[in-house]
Engineer: 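Encoded as structure tokens, here's the structure I'll be asking about.
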Amino acid sequence: MLRQSSRLLTRATTMTWRRPFSTDLPAANRVDSTFPEAWKKVIPTTEPPMTPSAFMKPRPVTPSSIPSKLSVNFVLPYSSELSGKEVDMVIIPATTGQMGVLPGHVATIAELKPGVLSVHEGNDVTKYFVSGGFAFVHANSFADIVAVEAVPLDQIDPNLVQKGLTEFTQKLSTASTDEEKAEAQIGVDVHSALNAALTG
């Protein structure tokens with residue numbers, strides 16, 4: 001028995017087995033033909049409608065070396081602030097803390113909290129205040145940032161922020177229902193983050 005265990009142990013240490021990471025795999029175009037086939041069975045005389053995946057570009061291939069720039073898409077429900085802009089770094093206000101994203105960053109999904117989003121391009125730094133959203137960092141040095149609301153930091157009036165913070169603090173102290181307390185707490189959190197962004 002001892003001989004067998006030593007032989008198995010030797011075989012286990014000399015085996016070279018490597019599982020590929022998801023970033024090692026090539027980006028493949030996945031075409032789902034189930035929906036068009038089912039459509040043709042039900043309504044053979046009409047072309048099937050396009051699904052969202054038909055409008056999406058295929059994922060860019062992950063480069064073998066780390067690129068020098070990070071490509072950023074920063075979108076809001078009503079506009080696109082940055083579209084494929086190549087930058088040096090982005091600092092994201094994630095719920096887990098400030099997160100710096102450089103080219104070659106590991107793939108990550110982060111929820112945004114109210115705070116300052118900084119876009120660094122050479123010596124230029126553009127700052128936005130975001131109220132919340134999500135950041136999707138891809139392994140191919142692309143980052144997609146989706147925010148509910150964003151305003152360039154230099155367009156925020158400090159007097160209105162102080163006024164809003166006072167109003168929501170008063171509402172929080174006089175709130176009687178859970179809904180009123182939640183709404184007031186959100187207002188206090190956002191205005192406190194705005195105040196911290198302007199003063200710090």
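Just so you know, these numbers use all the heavy atoms, side chains as well, and skip hydrogens, waters and symmetry mates.
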Engineer: Quick one: do Val190 and Val130 end up in the same hydrophobic cluster if we chain Ile, Leu, Val, Met, Phe, Trp and Tyr together by side-chain heavy atoms under 4.5 Å apart?
Structural biologist: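 As far as the 4.5 Å side-chain criterion goes, Val130 and Val190 are not connected within one cluster.
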Engineer: Does Val119 share a hydrophobic cluster with Val116, counting links as ILVMFWY side-chain heavy atoms below 4.5 Å and allowing steps through other members?
Structural biologist: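 Per the 4.5 Å side-chain linkage, Val119 and Val116 are not co-clustered.
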Engineer: Verify the cluster assignment for Leu112 and Val72: are they in a single hydrophobic cluster under the rule of side-chain heavy atoms below 4.5 Å apart?
Structural biologist: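 Leu112 and Val72: one cluster.
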Engineer: Indicate the ring-plane relationship of Phe168 and His191, choosing parallel, tilted or perpendicular according to the 30° and 60° boundaries.
Structural biologist: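 The rings of Phe168 and His191 sit tilted, inter-plane angle from 30° to 60°.
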Engineer: Within a radius of less than 6.0 Å around NZ of Lys163, do more than 12 heavy atoms belonging to other residues, nucleotides or ligands occur?
Structural biologist: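 Result for NZ/Lys163: open.
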Engineer: Are there over 12 heavy-atom neighbours, none belonging to Glu86, within less than 6.0 Å of that residue's CD?
Structural biologist: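 Yes, the 6.0 Å shell around CD holds more than 12 heavy atoms from other groups.
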Engineer: Is it the case that atom CG in Asp154 sees more than 12 heavy atoms from other parts of the structure closer than 6.0 Å?
Structural biologist: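 Enclosed: over 12 neighbouring heavy atoms sit under 6.0 Å from CG of Asp154.
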Engineer: For Gln185 and Asp189: C-alpha separation, side-chain torsions, deciding distance, then whether side chain to side chain contact (heavy atoms under 4.5 Å, CB included) applies.
Structural biologist: CA-CA 6 Å; Gln185 185 62 54; Asp189 292 346; 2.8 Å; yes
Engineer: Do Tyr128 and Phe134 sit in the same hydrophobic cluster, where Ile, Leu, Val, Met, Phe, Trp and Tyr count as joined when their side-chain heavy atoms come under 4.5 Å apart?
Structural biologist: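 Each belongs to a different hydrophobic cluster.
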Engineer: Side chains of Thr174 and Gln170: donor-acceptor distance under 3.5 Å anywhere?
Structural biologist: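 There is no such pair (donor and acceptor under 3.5 Å, judged by atom type) between the side chains of Thr174 and Gln170.
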Engineer: Which heavy atom in Lys127 sits nearest to a heavy atom in Ser118, and how many Å separate them?
Structural biologist: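 Heavy-atom minimum between the residues: CG-OG, 3.8 Å.
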Engineer: Can you tell me how far CG of Leu76 sits from CD of Glu149, rounded to the nearest 0.5 angstrom?
Structural biologist: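 Answer rounded to 0.5 Å: 7.0 Å.
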